[in-house]
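Okay, structure first, notes after.
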Amino acid sequence: MKTLLELPNVGKVLASHLQKVGIETPEELRSLGSREAFQRIRRHVDAGACLHMLYGIEGAVRGIPDSRLSAEVKAELKAFLRELR
């Protein structure tokens, strides 16, 4: 079974944040989705979590580097982040 650190875009800091909000495995992350995971991190670990973290989580969910997210997906994530503020 893969660990969070084996996912694209997930380094030690993001893996730690995810674990602190109860997300221990790639399967749990995919099941929850990037938006829910990001909201949990913002609420409980890092109130200043930024758009780049959200991109990274989305890429991890999709199994791709965040640089390969489409412009459409990035626009949707930007809109989601604006709604959170």
Side-chain angles (χ1 to χ4, degrees):
M1 181 167 63
K2 278 192 168 186
T3 67
L4 291 170
L5 285 169
E6 293 175 81
L7 294 173
N9 316 311
V10 179
K12 290 179 183 177
V13 171
L14 181 52
S16 172
H17 285 2
L18 291 167
Q19 290 166 339
K20 286 176 183 171
V21 297
I23 302 168
E24 299 286 336
T25 67
E27 293 76 21
E28 290 172 343
L29 178 58
R30 281 190 285 274
S31 173
L32 273 175
S34 62
R35 295 169 189 200
E36 177 61 26
F38 182 78
Q39 285 181 297
R40 288 183 182 190
I41 289 170
R42 269 226 157 153
R43 267 194 306 266
H44 303 291
V45 181
D46 180 2
C50 66
L51 180 62
H52 295 288
M53 182 176 287
L54 180 56
Y55 286 171
I57 297 169
E58 180 67 25
V61 166
R62 293 172 182 250
I64 61 172
D66 58 1
S67 61
R68 289 187 40 217
L69 292 172
S70 70
E72 183 179 326
V73 168
K74 287 182 176 181
E76 289 171 7
L77 294 172
K78 281 181 188 176
F80 167 75
L81 187 57
R82 276 194 304 272
E83 290 171 18
L84 286 182
R85 293 184 176 149

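FYI, side chains are in, hydrogens and waters are out, and symmetry mates aren't considered; it's all heavy atoms of this structure. This is a predicted model, so every value here is computed, not measured.
Taking both residues in full, the closest heavy atoms of Ser34 and Val61 are given as N-CG2, 3.9 Å, listed atom of the first, atom of the second, then distance. The two residues Asn9 and Gly56 come nearest to each other via the heavy atoms ND2-O, 3.2 Å. Nearest heavy atoms, Pro26 versus Lys2: CD-O, 3.2 Å. Of all non-hydrogen atoms in Ala37 and Ile23, the two that sit nearest each other are CB-CD1, 3.7 Å. Pairing each heavy atom of Pro8 with each of Gly63, the nearest pair is CG-C, 3.4 Å. Ala49 and Ile41 make their closest contact through CB-CG2, 4.3 Å (heavy atoms, listed as atom of the first residue, atom of the second, distance).
To the nearest 0.5 Å, atom CG of residue Leu29 and atom CG of residue Leu4 are 6.5 Å apart. The NE2 atom of His44 sits 13.5 Å away from the NE2 atom of His17 when rounded to the nearest 0.5 Å. The distance from atom CD of Glu24 to atom CG of Leu18, rounded to the nearest 0.5 Å, is 9.5 Å. Taking CG from Leu14 and CZ from Phe38, the interatomic distance works out to 10.5 Å, rounded to the nearest 0.5 Å.
For Glu36, the salt bridge (Lys or Arg N to Asp or Glu O under 4.0 Å) partners are Arg40, Arg43, not counting sequence neighbours. Residues passing the salt bridge (Lys or Arg N to Asp or Glu O under 4.0 Å) test with Arg30 are Glu27, sequence neighbours excluded.
The cluster map of Ile, Leu, Val, Met, Phe, Trp and Tyr, joined by side-chain heavy atoms under 4.5 Å apart, puts Leu54 and Val13 in different clusters. Transitive grouping of hydrophobic side chains (ILVMFWY, heavy atoms separated by less than 4.5 Å) brings Ile57 and Leu51 into a common cluster.
Side-chain polar atoms of Gln19 and Ser16 form no donor-acceptor pair below 3.5 angstrom.
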With a 3.5 Å cut-off and sequence neighbours excluded, list the donor-acceptor pairs that the side chains of residues 66-84 form with protein atoms.
from, atom 1, to, atom 2, distance (Å)
Ser70, OG, Val73, N, 3.1

